[in-house]
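Presented below is the structure to which this report refers.
Just so you know, ligand 1 is whichever comes first in the structure, and atom 1 is the first atom listed for that ligand.
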Amino acid sequence: MILTVGNTKGGVGKTTLALNIAIARALAGRDVWLIDGDRQGTAQTAISIRLESGHLPGIACAQYSDGATLRSQVQQQLTKFDDIIIDAGGRDSTALRAALVLSDVLLIPFQPRSYDVWALNDIALLVDEVRSVRDGLRAYAVLNCADPGESSSDNAEAAAAVADVPQFEYLDTPIRRRKIFANAAGQGLSVLEINPKDKKASEELNSLVKALF
Ligand SMILES: Nc1ncnc2c1ncn2[C@@H]1O[C@H](COP(=O)(O)OP(=O)(O)O)[C@@H](O)[C@H]1O
Ligand SMILES: [Mg+2]
């Protein structure tokens with residue numbers, strides 16, 4: 001399956017989720033290719049740190065910030081991998097558009113804040129464009145950095161706002177704001193691997209991966 005983690009807004013957790021999902025799938029025995037479609041190369045850097053510290057499984061990773069190259073590389077290497085996870089960068093870019101045209105699923109992380117909710121319309125228009133040229137792109141919005149409280153009104157309001165965006169389905173598997181996500185990613189690890197573990201973070205990630213695949 002080709003999964004793009006994308007949102008034209010920056011800082012919503014695209015790289016964090018792409019890295020965690022890619023590693024979770026690799027831990028489940030899948031051949032995974034993580035593509036960093038962002039010029040900033042954060043996902044690629046995290047994977048380099050992972051390789052340097054000898055963490056297994058190793059994750060194949062490449063960086064293509066140019067849409068045409070991303071598209072041709074993915075088309076060529078498609079059959080070599082079970083799952084391709086694309087971290088698409090934080091702007092409307094050729095890489096993001098190429099990724100969307102190739103993908104089975106778009107995962108849109110957003111935070112329970114007004115600016116993030118307003119910005120969903122921007123990526124919704126891109127989804128419309130992709131669907132006008134090809135069928136079959138499934139788009140799911142998921143809360144990231146959700147408020148830790150189980151009954152947060154901000155989380156609930158943000159979730160309700162997604163219901164007004166017909167292009168997406170809301171995935172009720174929020175990832176809450178937990179320091180372990182930042183700590184693990186800094187070492188090129190998923191929250192499933194870092195020690196000591198945070199059981200809740202692992203459960204949240206596993207629920208998200210299960211909902212997606
Ligand atoms: N669930 C989370 N809990 C805590 N910190 C998070 C979480 N998700 C992302 N972050 C932090 O938020 C910042 C932005 O995340 P990042 O994945 O780089 O976003 P993007 O790729 O969309 O720009 C990073 O410092 C990251 O460590
Ligand atoms: Mg990023």
Side-chain angles (χ1 to χ4, degrees), residues 3-24 34-50 59 61-67 70 85-100 103 106-113 115-120 122-123 126 139-150 152 154-155 158-159 168 171-194 196-209 211-212:
L3 169 79
T4 290
V5 185
N7 189 332
T8 43
K9 191 162 187 313
V12 292
K14 295 178 295 293
T15 302
T16 304
L17 293 189
L19 183 75
N20 274 280
I21 292 167
I23 296 172
L34 176 63
I35 297 181
D36 190 335
D38 192 348
R39 234 168 280 253
Q40 288 174 2
T42 323
Q44 172 89 287
T45 304
I47 293 298
S48 302
I49 293 170
R50 179 184 181 86
I59 307 285
C61 183
Q63 187 190 359
Y64 309 112
S65 48
D66 161 63
L70 189 151
I85 315 293
I86 306 174
D87 171 10
R91 292 161 292 113
D92 181 357
S93 62
T94 59
L96 173 58
R97 284 168 182 258
L100 292 186
S103 290
L106 166 65
L107 177 68
I108 305 136
F110 71 107
Q111 300 193 11
R113 304 284 172 263
Y115 291 169
D116 272 39
V117 172
W118 299 336
L120 289 175
D122 193 36
I123 181 104
L126 260 179
Y140 300 110
V142 72
L143 268 176
N144 181 42
C145 287
D147 293 333
E150 286 295 328
S152 152
D154 285 353
N155 291 351
F168 314 144
L171 272 191
D172 193 15
T173 53
I175 302 286
R176 294 193 168 75
R177 196 182 329 108
R178 300 183 193 284
K179 206 158 173 290
I180 194 171
F181 278 99
N183 293 350
Q187 299 173 48
L189 300 177
S190 75
V191 294
L192 305 176
E193 301 169 295
I194 194 173
K197 293 198 172 35
D198 176 331
K199 192 162 161 271
K200 286 185 174 163
S202 295
E203 282 170 5
E204 286 171 6
L205 176 62
N206 283 330
S207 299
L208 172 62
V209 171
L212 288 169

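Put simply, the side chain of K9 never gets that close to the backbone of I123: no donor and acceptor are under 3.5 Å apart. Looking only at distances, no side-chain donor or acceptor of S103 sits under 3.5 Å from a matching main-chain atom of L106. Counting only distance, with no hydrogens or angles, the side chain of Q111 and the backbone of G13 share no donor-acceptor pair below 3.5 Å. No donor-acceptor pair closer than 3.5 Å links the side chain of N144 to the backbone N or O of P109. Of the possible donor and acceptor atoms, one in the side chain of D38 sits under 3.5 Å from a partner among the backbone N and O of Q40. Panel note: side chain N20, backbone T16; a donor-acceptor pair is recorded below 3.5 Å.
Protein heavy atom nearest atom 27 (O) of ligand 1, with residue, atom name and distance: A182 CB, 3.3 Å. In terms of protein heavy-atom proximity, atom 13 (C) of ligand 1 is nearest to G11 O, 4.9 Å. Distance from atom 18 (O) of ligand 1 to its nearest protein heavy atom, with residue and atom name: T15 CB, 4.2 Å. Summary of contacts: the protein heavy atom closest to atom 19 (O) of ligand 1 is G13 N, 3.0 Å. In this structure, atom 6 (C) of ligand 1 lies nearest to the protein heavy atom C145 SG, 3.7 Å. What sits closest to atom 11 (C) of ligand 1 on the protein, heavy atoms only, is T16 OG1, 4.5 Å.
Contact between E204 and F181 at its shortest, heavy atoms only, is OE1-CE1, 4.4 Å. Minimum interatomic distance between G186 and I49 (heavy atoms only, all atoms of both residues): O-CD1, 3.7 Å.
Remark: ligand 1 atoms within the under-4.0 Å shell around heavy atoms of R176 are 1 (N), 2 (C), 3 (N). The ligand atoms of ligand 1 that sit less than 4.0 angstrom from a heavy atom of V12 are 19 (O), 20 (P), 22 (O). Near I175, meaning under 4.0 Å from one of its heavy atoms, ligand 1 places the atoms 1 (N).
For N144, every heavy-atom contact with ligand 1 shorter than 4.0 Å involves the side chain, none the backbone.
Atom 2 (C) of ligand 1 lies below 4.0 Å from at least one non-hydrogen atom of the protein. Per-atom contact check: atom 16 (P) of ligand 1 touches the protein, criterion being a heavy-atom distance below 4.0 Å. Protein heavy atoms come within 4.0 Å of atom 23 (O) of ligand 1.
Heavy-atom neighbours of R113 CZ from other residues, nucleotides or ligands within 6.0 Å: above the threshold of 12.
Taking any N or O of R178, backbone or side chain, at least one lies under 3.5 Å from an N or O belonging to ligand 1. Considering backbone and side-chain atoms alike, K14 places an N or O below 3.5 Å from some N or O of ligand 1.
Judged purely by distance below 3.5 Å, without hydrogens or angles, the side chains of T8 and D92 never pair a donor atom with an acceptor atom.
Look at T15 and the Mg ion (ligand 2): an N/O/S atom of the residue is under 2.8 Å from the metal.
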